[in-house]
Amino acid sequence: MTKNSFFDEQKEQSLIKARIVEKYFWAWAKVIISKVKKGSSSNQKIAYVDLFAGAGRYEDGSKSTPVKVLETAIADPDMRNMLVSIFNDADVKNVNSLQQAIDSIPGIENLKYRPRISKYEVGENIVKTFQSMKLVPTLLFVDPWGYKGLSLQLVNSVVKDWGCDCIFFFNYNRINMGLSNDAVKEHINALFGQVGADQLRERLKTLTPQERELTVVEYICEALKEMGGKYVLPFRFRHEMGNRTSHHLIFVSKHPKGYEIMKEIMAKESSEQTQGVPSFEYNPATLQQPLLFELTRPLDQLESMLLDNFSGKTMTMAEIYDQHHVGKLYIKKNYKDALRNLESQGKITVHPPAGKKRRKGTFADDLKVTFPVKQ
């Protein structure tokens with residue numbers, strides 16, 4: 001497969017990946033804009049940066065993410081006046097295609113800040129530029145063909161500032177192969193840092209393929225957290241046969257609100273939900289093999305965790321969710337379902353109880369839950 005063949009047609013996995021980015025951009029922008037508008041009128045800006053923007057359209061005519069992001073901004077009065085958009089691609093053909101696509105967007109002239117398009121190789125110079133700047137609230141999207149240009153330092157150079165989040169494409173197959181390939185050692189060292197890459201190579205020597213994947217993804221997530229990206233959330237994509245991973249989309253933020261928003265978006269894009277708990281992966285095989293995914297019962301596991309973790313405590317539903325959900329697959333709806341189940345089984349006490357001042361099937365954020373002391 002050639003590099004540009006990715007843009008021949010928008011395959012379903014690419015469509016879902018783009019949809020996650022587009023949905024988050026809209027939700028992120030609306031939250032950030034409401035905060036920015038309260039500040040100085042001279043600096044009311046937000047930014048969207050795509051360092052591997054690609055062509056403006058796929059060969060089948062479908063729109064790429066940059067075009068959709070700009071269309072979203074044009075349709076919203078606040079975004080029209082505040083969005084600074086920067087698109088980059090080292091491929092001149094892609095740059096020209098993207099420029100033509102952007103110029104043809106209806107209403108593009110209504111944006112206060114015209115989109116900027118550049119054609120740089122992404123590397124240390126861009127990292128140093130971002131590190132030296134205090135950025136306006138920025139959503140950074142990094143989707144390299146392989147791994148060249150992607151690094152922990154690049155992500156951190158943006159996420160360091162207020163309101164800045166990053167979504168990046170993590171090509172697990174190519175990175176996994178690259179870790180043991182001396183020919184690309186320089187690029188892998190740039191991604192993880194030389195010391196980190198050497199430590200990771202050592203850890204992987206005796207692991208099974210499944211253990212390798214979990215270790216690599218956990219390593220990069222933990223490294224991002226150590227650098228200041230407190231909230232990290234990966235979403236896995238499987239190959240069409242469903243038997244191995246193709247890549248991950250990884251989200252990084254310093255704010256719990258961004259993490260919560262992205263968690264809800266990724267949950268809805270998951271191909272499988274067991275007991276209402278999302279898988280946080282897109283796997284075409286789940287629709288063909290549903291019985292395999294009923295062998296685990298994650299909502300039952302959540303109920304047990306809540307009884308253990310909050311033994312003897314009285315807390316609101318919102319407090320339970322805030323203290324427990326980070327780093328876990330569960331979304332807010334799952335917590336409400338689990339607490340309703342525990343209440344119906346008489347394992348917790350809820351005030352007010354079901355049937356009294358509560359509509360059937362509801363579980364509001366301010367309900368108080370008392371957990372029994374674990375014997």
Any ion pair linking [Y] and [X] (charged N to carboxylate O, less than 4.0 Å)?
X	Y	result
Arg80	Asp76	no
Asp103	Arg114	yes
Asp143	Lys17	yes
Lys347	Glu303	no
Glu124	Lys128	yes
Lys23	Glu269	yes

Are side-chain heavy atoms of [X] and [Y] found at a separation under 4.5 Å?
X	Y	value
Leu302	Asn334	yes
Leu307	Leu342	yes
Glu22	Thr72	no
Leu204	Leu179	yes
Leu98	Ile117	yes
Leu70	Ser85	yes
Pro256	Tyr231	yes
Met317	Lys368	no

Any luck finding a side-chain donor-acceptor pair between His247 and Asn173 under 3.5 Å?
no
Polar contact flag, side-chain donor to acceptor under 3.5 angstrom, Asp365-Tyr321:
no
Do [X] side-chain atoms and [Y] backbone N/O form a donor-acceptor pair below 3.5 Å?
X	Y	result
Asp89	Lys119	no
Ser97	Ala55	no
Asn94	Ala90	no
Lys225	Cys221	no
Lys230	His255	no
Arg358	Thr362	yes
Gln345	Asn341	yes
Gln44	Lys37	yes
Tyr335	Asp322	no
Ser270	Phe280	yes

Should [X] and [Y] be regarded as members of a common hydrophobic cluster, given that ILVMFWY residues are connected when their side-chain heavy atoms come within less than 4.5 Å of each other, either directly or indirectly?
X	Y	answer
Leu154	Val136	no
Met177	Tyr219	no
Leu207	Leu200	yes
Leu214	Ile220	no

Closest approach of [X] to [Y] (non-hydrogen atoms, all atoms of both residues):
X	Y	answer
Met266	Leu249	CE-O, 4.0 Å
Phe130	Leu51	CE1-CD1, 4.3 Å
Ala53	Pro66	O-CG, 3.9 Å
Asn156	Gly228	OD1-N, 4.5 Å
Ile108	Pro115	CD1-CG, 4.1 Å
Glu343	Ile348	N-CG1, 3.6 Å

Nearest 0.5 angstrom please: [X] [atom1] to [Y] [atom2], how far?
X	Y	atom1	atom2	value
Phe310	Phe371	CZ	CZ	6.5 Å
Ile32	Trp162	CD1	CH2	4.0 Å
Cys164	Leu135	SG	CG	5.0 Å
Asp300	Met305	CG	CE	10.5 Å
Trp28	Phe251	CH2	CZ	10.5 Å
Ile331	Lys268	CD1	NZ	8.0 Å

Working note: Val369 + Thr314, criterion side-chain contact (heavy atoms from CB on, under 4.5 Å); need CA distance, chi angles, decisive distance, verdict.
CA-CA 5 Å; Val369 180; Thr314 296; over 6 Å; no
Taking the inter-plane angle between the rings of Phe237 and Tyr282 on a 0 to 90° scale, is it parallel (under 30°), tilted (30 to 60°) or perpendicular (over 60°)?
tilted
With sequence neighbours excluded, residues passing side chain to side chain donor-acceptor pair (under 3.5 Å) with Asp308
Lys374
Evaluation steps, side chain to side chain donor-acceptor pair (under 3.5 Å), between Thr370 and Thr349:
CA-CA 5 Å; Thr370 299; Thr349 303; 5.7 Å; no
Would you check, one step at a time, whether the test side-chain contact (heavy atoms from CB on, under 4.5 Å) holds for Gln301 with Leu299?
CA-CA 5 Å; Gln301 295 168 11; Leu299 199 62; over 6 Å; no
What pairs with Val69 under side chain to side chain contact (heavy atoms under 4.5 Å, CB included), at least two apart in sequence or on another chain?
Phe25, Tyr48, Thr65
So, using side chain to side chain contact (heavy atoms under 4.5 Å, CB included) as the criterion, who are the partners of Thr208 when residues are at least two apart?
Gln210, Glu211
Picking from Ile74, Val84, Ile102, Ile105, what satisfies side-chain contact (heavy atoms from CB on, under 4.5 Å) with Leu111?
Ile74
Could you go step by step and tell me if Asp366 and Thr316 meet the side chain to side chain donor-acceptor pair (under 3.5 Å) rule?
CA-CA 5 Å; Asp366 60 354; Thr316 65; over 6 Å; no
Carefully, step by step, assess Tyr259 and His325 under the rule ring pair (Phe, Tyr, Trp, His ring centres under 6.0 Å).
CA-CA 10 Å; Tyr259 179 84; His325 83 102; 5.5 Å; yes
Taking CD in Glu186 as the centre, count heavy atoms belonging to other residues, nucleotides or ligands within less than 6.0 Å. Is the count above 12?
no
Return yes when atom NZ of Lys35 has more than 12 non-hydrogen atoms of other residues, nucleotides or ligands closer than 6.0 Å, and no otherwise.
no
Candidate pair Glu264 and Lys333, rule salt bridge (charged side-chain N to carboxylate O under 4.0 Å, His left out), full reasoning
CA-CA 10 Å; Glu264 294 287 342; Lys333 178 183 180 298; over 6 Å; no
Can the ring centres of Phe170 and Tyr172 be said to be less than 6.0 Å apart?
no
